[in-house]
Amino acid sequence: MSPRDLRGMAAECGFELAGVAPALPHPDTHRYNDWVTRGLAGEMRYLTDHRATIRSDPRLLLPSARSIICVGKLYNGPEPYSTRFDASERAWISRYAWGDDYHDVMRAGLERLARRLGADHEWRVCVDTAPLLERSYARQAGLGWIGKNTCLINEPLGSWFFLGELLTSLEIEPGGPPPDRCGTCTQCIDACPTHALTPYDLDATRCISYFTIELRGPIPDEHHAAIGRHVFGCDICQDVCPWNRRAPVTDDPAFAPREFAPPLEKLAALTEDEFRAMFRNSPVTRAKYAGFRRNVAVAMANAR
């Protein structure tokens, strides 16, 4: 199968980006282990427990794997970026979480792709819940480079993509990594309110997304003001990226906002049942009701 044929097949399954990397250990494993050793994963134990070992070789996920088909699905919408939206009384929810849970959407598309490849192969679908260095393999497959904000950036489409992988026993011609086109730009680093970024490195323990999604318990007081009106996740380092100035938008209804930038007072008044109903089948439920209320309280204090 040629790379062009694969990209066409992936497009028919709903993916704007597609490429192939060999199912072999990736050199970035050493960099990842160093990141974990430095404590930059914080309390995200799923990144540091026994699954960290599985990340060292994709064949631990599928012993017969010979190729990794890497795909990207656009989720950007026409709504303004957070850095261009100044309604302080309204909450900011990260762009990726406006619609349905992307895990379900990505998995369905990858399963269709696996069936399109025929019955004579073993395969396994991976979204970001599987222990796989997905950005590293996506770069190796030619989907983009890993930017200074640690996101995968595609020229010319930007970085508003969900990534997914299909491990397969088929041997398919691999792609190659594109050049790094961040150059001397440091806009993402300069814009981060909590100083979580250094070039090509993220300290998750200082990241607004970590505070509002992954952290259980109180958010450190010294970071409250920098969180602003963010109640779930943060887009700032992508909002300011020059490669996203003319990023395309998706017409997939699955990623349309259920309610763009809802009022903080409305969110503060939600009961637990109302929270579950409002964000059913949405990534926002990962913060859990108690964590979401904590985030809303911080945002309301910042909005005075």
*Got Leu17 and Val71 here, is their nearest side-chain heavy-atom distance under 4.5 Å?*
no
*asked:* Can you confirm whether Pro22 sits close enough to Pro174 that some side-chain heavy atom of one is under 4.5 Å from a side-chain heavy atom of the other?
replied: yes
Solution key, residues 151-163 side-chain donor-acceptor pairs under 3.5 Å, sequence neighbours excluded:
residue: Asn154; atom: OD1; partner: Leu157; partner atom: N; Å: 3.2
residue: Asn154; atom: ND2; partner: Leu143; partner atom: O; Å: 2.8
residue: Glu155; atom: OE1; partner: Arg181; partner atom: NE; Å: 2.5
residue: Ser159; atom: OG; partner: Gln238; partner atom: OE1; Å: 2.7
residue: Ser159; atom: OG; partner: Asn244; partner atom: ND2; Å: 2.9
residue: Trp160; atom: NE1; partner: Tyr81; partner atom: OH; Å: 3.1

*So, for Leu264 and Ala303, which heavy atoms are closest and what is the spacing to 0.1 Å?*
CD1-CB, 4.1 Å
Please tabulate, for the side chains in residues 216-223, all donor-acceptor contacts under 3.5 angstrom to protein atoms that are two or more places apart in sequence or on a different chain.
residue: Arg216; atom: NH1; partner: Ile213; partner atom: O; Å: 2.9
residue: Arg216; atom: NH2; partner: Arg286; partner atom: O; Å: 3.0

*For the pair Leu170 and Leu117, evaluate side-chain contact (heavy atoms from CB on, under 4.5 Å) and give the outcome as yes or no after the intermediate values.*
CA-CA 9 Å; Leu170 298 173; Leu117 291 170; 4.2 Å; yes
*Of Met278, Glu274, Met300, which meets side chain to side chain contact (heavy atoms under 4.5 Å, CB included) against Leu267?*
Met278
*Residues two or more places apart in sequence or in another chain: which of them pass side-chain hydrogen bond (donor to acceptor under 3.5 Å, both in side chains) with Asp104?*
none
*Is a side-chain donor-acceptor pair under 3.5 Å present for Asp235 with His230?*
no
*Stepwise, does the side-chain contact (heavy atoms from CB on, under 4.5 Å) test hold for Phe15 with Arg7?*
CA-CA 8 Å; Phe15 301 112; Arg7 288 193 297 270; over 6 Å; no
*Could you tell me whether the side chain of Thr150 and the main chain of Leu202 form a donor-acceptor pair under 3.5 Å?*
no
_Can you tell me how far apart CG (Asn149) and SG (Cys182) are? Round to the nearest 0.5 Å._
7.0 Å
_Working for side-chain contact (heavy atoms from CB on, under 4.5 Å), residues Gln187 and Cys241_ = CA-CA 7 Å; Gln187 290 191 46; Cys241 178; over 6 Å; no
_In the structure I gave you, are the side-chain heavy atoms of Phe211 and Ile227 within less than 4.5 Å of one another anywhere?_
yes
*Find out if a path of hydrophobic residues (ILVMFWY) with successive side-chain heavy-atom gaps under 4.5 Å connects Leu62 to Leu133.*
yes
*Atom pair CG (Asp28) and CD1 (Ile146), whose distance is rounded to the nearest 0.5 Å*: 5.5 Å
*Is it the case that one hydrophobic cluster holds both Tyr75 and Val127, taking links as side-chain heavy atoms less than 4.5 Å apart, direct or via other members?*
yes
_Using a 6.0 Å cut-off, check whether atom CZ of Arg293 has over 12 heavy atoms from anything other than its own residue._
no
*Within a strict 4.5 Å, meaning less than it, do heavy atoms of the Pro242 and Cys185 side chains meet?*
yes
_Val20 and Ile68, any side-chain heavy atoms less than 4.5 Å apart_ = no
*Out of Phe292, Trp98, Tyr289, which one pairs with Phe279 under the ring pair (Phe, Tyr, Trp, His ring centres under 6.0 Å) rule?*
Phe292
_Side-chain touch Glu134/Asp128, heavy atoms, less than 4.5 angstrom_ = yes
*Listed by chain and number, what are the side-chain hydrogen bond (donor to acceptor under 3.5 Å, both in side chains) partners of Arg59, not counting sequence neighbours?*
Asp57
_Within the supplied structure, the quantity of interest is the number of heavy atoms (other residues, nucleotides, ligands) at a distance under 6.0 Å from His103 NE2; does it exceed 12?_
yes
_For the residue pair Asp203 / Thr205, report whether a side-chain donor-acceptor contact shorter than 3.5 Å exists._
yes
*With a 3.5 Å cut-off and no angle check, do the side chains of His121 and Thr168 form a donor-acceptor pair?*
yes
*Does a side chain donor of either Thr212 or Asn295 reach within less than 3.5 Å of an acceptor in the other side chain?*
no
_Go through it in stages, so that I can follow the logic: the residues are Leu197 and Cys237, the test is side-chain contact (heavy atoms from CB on, under 4.5 Å), and I'd like the CA-CA distance, side-chain angles, deciding distance and then a yes or no._
CA-CA 9 Å; Leu197 288 169; Cys237 67; 3.8 Å; yes
*asked:* Hydrophobic clusters here meaning ILVMFWY residues chained together by side-chain heavy-atom distances under 4.5 Å, can you tell me if Met106 and Tyr137 are in one?
replied: no
*Can we say Glu16 and Lys73 salt-bridge, meaning some charged N sits less than 4.0 Å from an Asp/Glu carboxylate O?*
no
*Look at the side chain of Asn302 and the backbone N and O of Val298, then say whether any donor-acceptor pair between them is shorter than 3.5 Å.*
yes
*Is the number of heavy atoms from other residues, nucleotides or ligands under 6.0 Å of Glu265 CD greater than 12?*
no
*Note, Arg95 side chain near Phe255 side chain (heavy atom, < 4.5 Å)*: no
_ILVMFWY network linking Leu60 to Val36, side-chain heavy atoms under 4.5 angstrom_ = yes
_Whether over 12 other heavy atoms sit under 6.0 Å from Arg38 CZ_ = yes
_To the closest 0.5 Å, what do you measure between CZ (Arg280) and CG (Asp100)?_
12.0 Å
*Taking only residues two or more places apart in sequence, or in another chain, which ones meet Tyr96 in a ring-ring contact (aromatic ring centres under 6.0 Å, His included)?*
Tyr102
*Do the side chains of Ile69 and Leu61 join up, straight or via other hydrophobic residues, at under 4.5 Å, putting them in one cluster?*
no
*For Ser2, side-chain hydrogen bond (donor to acceptor under 3.5 Å, both in side chains) partners two or more places apart*: Asp5
_Short side-chain to backbone donor-acceptor contact, Ser209 and Cys234, under 3.5 Å_ = yes
*Carefully, step by step, assess Asp101 and Arg107 under the rule salt bridge (Lys or Arg N to Asp or Glu O under 4.0 Å).*
CA-CA 10 Å; Asp101 192 330; Arg107 180 172 293 279; over 6 Å; no
_If you apply the rule salt bridge (Lys or Arg N to Asp or Glu O under 4.0 Å), what do you find for Lys266 with Glu259, and how did you get there?_
CA-CA 11 Å; Lys266 174 181 177 178; Glu259 181 176 356; 2.6 Å; yes
*State, yes or no, whether a side-chain contact exists between Met9 and Leu113 at a heavy-atom distance under 4.5 Å.*
yes
*Give the C-alpha distance, both sets of side-chain angles, the deciding distance and a yes or no for salt bridge (Lys or Arg N to Asp or Glu O under 4.0 Å) between Asp201 and Lys148.*
CA-CA 7 Å; Asp201 207 21; Lys148 291 178 182 177; over 6 Å; no
